[in-house]
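This report concerns only the one structure given below.
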Amino acid sequence: MSHQPQPDFSRRDLLKKAGHGVLLSGTLAAGHAARADVSEQSQASQAPSAAPATPPSGSDAASPSTALGKLFKGHTLEADVVIAGGGMAGVCAALAAARNGASVVLIQDRAVLGGNASSEVRMHIVGADASGARKNSEARESGLIEEIRLAEAMANPQRSASMLDLVLLDRVRGESNITLLLNTHCIGVHMAAENRIAAVTALQRKDEKVFTVRGKVFIDCTGDGGLGAEAGAIFRMGREGRDEYGESMAPPQPDNKTLGSSLLFQTRRYDRPMRFQPPSWIRRFDKCEDLPFRGHNAWEFGFWWVEWGGELNTISDDERIRDELLAAALGVWDHIKNSGRHPKSANWALEWLGFLPGKRESRRFIGDHVLTQQEVQRGETFADGVAFGGWPIDLHPPKGIYSPERPADQTQVPLYNIPLRCLYSKNIENLLFAGRNISTSHVAFGSTRVMATCAVVGQAAGTAAAMCARGGVTPRTLARDGIAELQQRLLKDDAYIIGATNSDPADLARSAEVRASSETADGVAANVINGIHRGTPGKSNRWISDSSQAMPQWLELRFREPQRIREVHLVFDTGLHRVLTLTQSDAYNARMVRGPQPETVRDYDLLLLSGQNATTVAEVRGNYQRKSIYRFKPKTADGIRLLVHATNGAPEARVFEVRAYA
């Protein structure tokens, strides 16, 4: 990696020169802690915090009258965990932190949650199942992202893009521990010390408010890494050279190039010819050969390969990139409609055009570990693994749509774990990150960047942040001393970590005797306490009742001695071998079940057993979720019975896991 001479600004000089935030103020410098790790492109855009060394106090903390204009009023919020960015990583981080007992402020700069999956961009969420390319494998993510996918599929058979926005908003609003700030931009940070964030400054322009949001732990889920960069967290942009990590897929020399951004569009077929008159400024593609390797014979859902900007700075040049993508996207549609090469498009018309680029790559933070190509390709599991990936290493030519190369070079990989050391900053002690900005090489990023992987990383980061806030420790200390506890907490919350199994000493079910009304050879009743809640190669890891026997079917756990029970967890089968996501592509959607998944137990009763007596603690009808938790007044019981009355279509009952807690 080459390095340019850098301005010899001390941190104190920068604090004097800059305003609320270095990234917005126009004061450009390179953070001294990052000098060995930033590429040429990022040197001009990275700087230490430009905020006071200690956070101001009171309602005037943000000094809006002098810094932002007299109309802005200052407000102060405080939380255990402060999260910037409300894409899939940020939403899952917020939900995870809140459900693990932390107070959370979630700051999102758009009017909707979801990031690239939202109605503003409309990219479908993909992940470790490689959109179904990973055959005979239950690789779809579980945990919070599965909860969201199942809720959206149930609520949205019409495939409205706005319904996912609503599902996400409803999930976040449903958590009393979360304070949500929409249309709010993080514009600066206050540092408690050079290596510790005390608060962020957030601007809500429409409401003429500026917030000082104090926190114990901060998570940057912004994608572009604005919060962390403001704080002086070490990051880089561009591609490492082949020799830096010994990666065969890296370019020979380091450079500033990245994956580009994309604009999607949707079209609709009418019962009559529909005319399209393009603006004068579109890019022209007169022949199909002008779009080499870029198939365009299905039109209802645009093309991800309308991509550009990889040779620019995808942060500072975002408006220019957006304008060029508009010209390119409309040029592709003009080619389809008006070139004469696609006469069947006569009755099709443009229904929706994205005006917000779906960004793939910008800053990547540096943590205590940098995930590399080799680790992804060999399916590394790591002792501190907290999430998993499996999307191919998916790299694109920086020239995007104007490149004569294929629009993507995909290399299939096995499932692999992502370590906690990739999710916290090397030099800012209370900063975690989740999403496409985690600590990876550019090549490994080609796999980790997709949204379902970002979501499971978000759940891991949010859970870790809650534990750090509660215990008063840093993420680095948690990675060293508390990783087993974190992994067990994630498994309890239905996350998957390759190689990790339930060893929770508080789970009373682990030592129970299990029997069932019927079972199959590969679906024995005892599987529900084997510690693995998905199918793995050669093992179903679930109870499967005999499909030849009619419902109801039952599963029963008996304790060795009576136990005081107040909480029971159930994990059902939701068809993790099948793709499931909101997509505007008809062909992709045809491979999914848009509604309750047929394998899932729909109607059931949960009973506590005491001798010959049974007490019903839950009667459930119409279930479609994978994970269910039941809490009730403590009761003494010597067993638990799950009585299954019906599924959402399958002839047999399927249950992955039962847990019980005092």
Side-chain angles (χ1 to χ4, degrees), residues 87-88 114-135 139-141 145 148-150 152-165 167-168 259-270 288 291 293-307 325 328-330 332-333 335-337 342 344-345 347-360 391-392 394 396 400-401 406-408 410 449-455 575 577-595 597:
M88 296 311 302
N116 283 352
S118 75
S119 61
E120 294 190 304
V121 180
R122 307 193 182 189
M123 184 59 203
H124 42 243
I125 298 170
V126 298
D129 61 0
S131 294
R134 197 178 299 280
K135 303 297 183 183
R140 195 171 83 217
E141 294 77 8
I145 184 60
I148 290 166
R149 281 169 156 166
L150 293 169
E152 184 278 322
M154 188 70 179
N156 190 24
Q158 70 272 32
R159 292 160 55 199
S160 163
S162 295
M163 283 300 295
L164 177 58
D165 301 342
V167 167
L168 295 174
L259 275 65
S261 303
S262 290
L263 275 186
L264 296 169
F265 60 84
Q266 288 179 242
T267 65
R268 178 180 170 188
R269 184 167 55 189
Y270 289 80
C288 292
L291 297 166
F293 306 111
R294 292 160 174 83
H296 48 280
N297 292 313
W299 309 312
E300 78 280 357
F301 180 48
F303 308 102
W304 58 264
W305 46 255
V306 178
E307 175 181 355
L325 285 170
L330 290 170
V332 170
W333 185 239
H335 164 79
I336 292 169
K337 287 290 293 182
H342 304 280
K344 292 183 179 180
S345 69
N347 287 18
W348 288 77
L350 198 63
E351 178 83 357
W352 172 84
L353 175 64
F355 282 79
L356 180 67
K359 192 179 296 186
R360 290 182 175 86
W391 182 258
D394 182 4
H396 301 184
I401 191 172
R406 294 183 180 276
Q410 291 192 338
R449 64 184 176 83
V450 293
M451 284 186 280
T453 304
C454 292
H577 63 286
R578 195 169 44 244
V579 292
L580 179 64
T581 191
L582 173 62
T583 179
Q584 305 305 322
S585 165
D586 292 340
Y588 191 27
N589 183 71
R591 296 159 54 191
M592 304 175 199
V593 175
R594 295 288 302 168
Q597 305 303 292

Next item on the list: Indicate the atoms forming the closest heavy-atom contact of P357 with S261, along with that distance.
Entry: CB-CB, 3.9 Å
Set of salt bridge (Lys or Arg N to Asp or Glu O under 4.0 Å) partners for [X], sequence neighbours left out:
{"X": "R591", "value": "none"}
{"X": "D165", "value": "none"}
{"X": "R594", "value": "E152"}
{"X": "R134", "value": "none"}

Inter-residue atom distance [X].[atom1] - [Y].[atom2], 0.5 Å rounding:
{"X": "L580", "Y": "M592", "atom1": "CG", "atom2": "CE", "value": "7.0 Å"}
{"X": "N589", "Y": "T581", "atom1": "CG", "atom2": "OG1", "value": "10.0 Å"}
{"X": "W333", "Y": "L353", "atom1": "CH2", "atom2": "CG", "value": "11.5 Å"}

Check: On the ring face of W352, is R122 found with NZ or CZ under 6.0 Å from the centre and within 45° of the axis?
Finding: yes
Non-neighbouring partners of [X] that pass side-chain contact (heavy atoms from CB on, under 4.5 Å), sequence neighbours left out:
{"X": "V450", "value": "V126, W391, T453"}
{"X": "R578", "value": "R140, V593, Q597, P598, E599"}
{"X": "F293", "value": "R406, P407"}

Notebook entry, point to check: Given the rule in the side-chain hydrogen bond (donor to acceptor under 3.5 Å, both in side chains) test, do Q584 and R159 qualify, once you have shown the distances and angles that lead to the verdict?
Noted result: CA-CA 7 Å; Q584 305 305 322; R159 292 160 55 199; 4.8 Å; no
Residue list, side chain to side chain donor-acceptor pair (under 3.5 Å) with [X], at least two apart or on another chain:
{"X": "K337", "value": "none"}
{"X": "E300", "value": "none"}
{"X": "S262", "value": "R360"}
{"X": "T583", "value": "H124"}

Note to self: Test of understanding: with ring-ring contact (aromatic ring centres under 6.0 Å, His included), list the residues that count as partners of H396, not counting sequence neighbours.
What the structure shows: W304
Notebook entry, point to check: Tell me, do W299 and H342 make a side-chain contact under 4.5 Å, heavy atoms counted?
Noted result: yes
Notebook entry, point to check: Passes side-chain contact (heavy atoms from CB on, under 4.5 Å), L330 versus L350? Steps please.
Noted result: CA-CA 9 Å; L330 290 170; L350 198 63; 4.0 Å; yes
